Amino acid sequence: MDENQKGDKKRTALVTGASAGIGRELALEFAKHGFDLVLVARRKERLEALAQEIIGKFGVNAHVVVADLADPAAPRRLFDEMAARHIPIDALVNNAGYTVSGYFRDTKWDDQKALIQVMVTAVAELCHLFGPGMAARGYGRIINVASLAGHLPGAAGGTLYAASKAFVIKMSESLSLEYQGHNVHVTALCPGFTYSEFHDVAGNREEVSKMPKALWTDADVVAREAYRAVMEGRPVIINGRLNNFLAWLARILPQVPVRKLMARNQRNAKAKTNGR
Ligand SMILES: NC(=O)c1ccc[n+]([C@@H]2O[C@H](COP(=O)([O-])OP(=O)(O)OC[C@H]3O[C@@H](n4cnc5c(N)ncnc54)[C@H](OP(=O)(O)O)[C@@H]3O)[C@@H](O)[C@H]2O)c1
């Protein structure tokens, strides 16, 4: 029998940000492998449509939970709701995310605070809440969606995005070691540019669509590779050869020229966008 299924009772995967993009594809990928799903995001209709698609296509259960992860109470509420409904979570996918565009000094603190809540605090808290139960039951799979940006030096603008992703990578590496021997695998998923709604939400679709096609990956490919990586117990996965090469360059090159390169690219980007 598939180690990811447990006899007559199915395993369950909870995916945050399942209403679009990479999260939607990750939910479909887990369903394809026989997992029941808990789909979490703010847009209820999207989640309900996906739940119907999952039930129809794969014959597994799919539950919808509407939650805004910018609310500090949301992770605990999610955990308590799963406990009350007797749904043990065997796989956790911390995927919900976005960026706050523009220079740090020009943005509202409330927007930056919400980003930290969604992309740092909620990610850590959900791992803290669900991880121990997984270890106690002797099975767990956690995917924390980070980014190639977490491997590169910081750039001006979108300031806390790369910082939050670097946090997620380091935290996942640590948890992956902590849970060794408990059959709980923790993977930081680091996609590069991926086709999704991310850049529409960020408001920079036109600018990024000028990036070379070779840098882009489809969300279903990212999801498939992520599933395989977490099942194999890989602590970090970067999608795509070119993205792996870029992360490797950033790691091995002396930091001074790498930072200069980032600054030059930024000047080019600013020139293209009339200074912003
Ligand atoms: N696309 C890329 O190029 C790229 C590259 C590297 C990493 N990533 C990462 O991949 C992850 C998924 O992004 P994506 O590209 O799939 O973007 P997307 O298509 O815009 O999807 C983002 C998802 O996050 C959810 N979300 C956003 N804010 C939320 C909140 N406050 N509470 C609950 N859910 C929230 C959205 O759902 P609702 O709006 O319905 O709440 C949506 O389902 C993110 O962590 C992102 O940083 C993306």
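Along the sequence shown, residues are numbered consecutively beginning with 1. Numbering of ligands and ligand atoms starts at 1, following listing order. For clarity, every value in this text was computed on a predicted model and none was experimentally measured.
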Of the listed options ([options]), which comes nearest to [atom] when hydrogens are ignored and any heavy atom counts?
{"atom": "atom 17 (O) of ligand 1", "options": "Phe198, Trp216, Tyr195", "result": "Phe198"}
{"atom": "atom 22 (C) of ligand 1", "options": "Gly17, Ala96, Gly97", "result": "Gly97"}
{"atom": "atom 5 (C) of ligand 1", "options": "Ser147, Ala114, Gly192", "result": "Gly192"}

Review point. Has Asp68 got any heavy atom lying under 4.0 angstrom from an atom of ligand 1?
Key: yes

Quick one: nearest non-hydrogen protein atom to [atom], plus distance?
{"atom": "atom 2 (C) of ligand 1", "result": "Thr194 N, 3.5 Å"}
{"atom": "atom 14 (P) of ligand 1", "result": "Ser196 OG, 3.4 Å"}
{"atom": "atom 6 (C) of ligand 1", "result": "Pro191 O, 3.3 Å"}
{"atom": "atom 21 (O) of ligand 1", "result": "Ala20 CB, 3.9 Å"}
{"atom": "atom 19 (O) of ligand 1", "result": "Glu197 N, 2.9 Å"}
{"atom": "atom 32 (N) of ligand 1", "result": "Leu69 N, 2.9 Å"}
{"atom": "atom 39 (O) of ligand 1", "result": "Arg42 NH2, 3.0 Å"}

Against heavy atoms of [X], which atoms of ligand 1 measure under 4.0 Å?
{"X": "Ala70", "result": "31 (N)"}
{"X": "Tyr161", "result": "6 (C), 7 (C), 8 (N), 9 (C), 46 (C), 47 (O)"}
{"X": "Val145", "result": "9 (C), 10 (O), 11 (C)"}
{"X": "Phe193", "result": "3 (O)"}
{"X": "Ser19", "result": "36 (C), 37 (O), 38 (P), 40 (O), 42 (C), 43 (O)"}
{"X": "Gly21", "result": "16 (O), 19 (O)"}
{"X": "Ile22", "result": "10 (O), 15 (O), 16 (O), 48 (C)"}
{"X": "Val118", "result": "31 (N)"}

Practice item. Search all heavy atoms of Arg43 against all heavy atoms of Ser19 and return the closest pair with its distance. Key: NH2-OG, 3.5 Å

Using a heavy-atom cut-off of under 4.0 Å, does the side chain or the backbone of [X] touch ligand 1, or both, or neither?
{"X": "Ala67", "answer": "backbone"}
{"X": "Asn95", "answer": "both"}
{"X": "Cys190", "answer": "neither"}
{"X": "His199", "answer": "side chain"}
{"X": "Lys165", "answer": "side chain"}

Point to revise | Arg141 NZ/CZ over Tyr139 ring centroid, <6.0 Å and within 45° of normal | key: yes

Exercise for review: Report yes if the distance between the aromatic ring centroids of Tyr227 and His33 is under 6.0 Å, otherwise no.
Suggested key: yes

Check your understanding: Is atom CD of Glu206 surrounded by more than 12 heavy atoms (other residues, nucleotides or ligands) closer than 6.0 Å?
Key -> no

Practice item. Mark yes when over 12 heavy atoms from residues, nucleotides or ligands other than Arg241 sit less than 6.0 Å from its CZ; otherwise mark no. Key: no

Check your understanding: Transitively linked via ILVMFWY side-chain contacts under 4.5 Å: Leu175 with Leu177?
Key -> no

Check your understanding: Should Ile238 and Val221 be counted in the same cluster of Ile, Leu, Val, Met, Phe, Trp and Tyr side chains packed under 4.5 Å apart?
Key -> no

**Study point:** Sub-3.5 Å N/O-N/O distance, Leu148 and ligand 1
**Key:** no

Point to revise | Side-chain donor-acceptor contact under 3.5 Å, Asn94 with Thr16 | key: no

Practice item. Identify the residue among Arg24, Arg205, Arg46 that makes a salt bridge (charged side-chain N to carboxylate O under 4.0 Å, His left out) with Glu197. Key: Arg46

Practice item. May I ask you to decide whether Lys10 forms a salt bridge with Asp90, counting only side-chain N to carboxylate O separations under 4.0 Å? Key: no

**Study point:** Asn95 CG to Glu25 CD distance, which is reported to the nearest 0.5 Å
**Key:** 11.0 Å

Exercise for review: Would you check, one step at a time, whether the test side-chain contact (heavy atoms from CB on, under 4.5 Å) holds for Arg137 with His182?
Suggested key: CA-CA 9 Å; Arg137 293 189 299 274; His182 296 273; over 6 Å; no

Review point. ring-ring contact (aromatic ring centres under 6.0 Å, His included) with Phe198: which of Trp216, Phe193, Tyr161?
Key: Tyr161

Point to revise | Of all pairs that satisfy ring-ring contact (aromatic ring centres under 6.0 Å, His included), the ones with a partner from residues 52-97, not counting sequence neighbours | key: Phe79-Phe130

Check your understanding: Distance-only, no hydrogens or angles: does the Lys32 side chain make a donor-acceptor pair with backbone N or O of Lys57 under 3.5 Å?
Key -> no

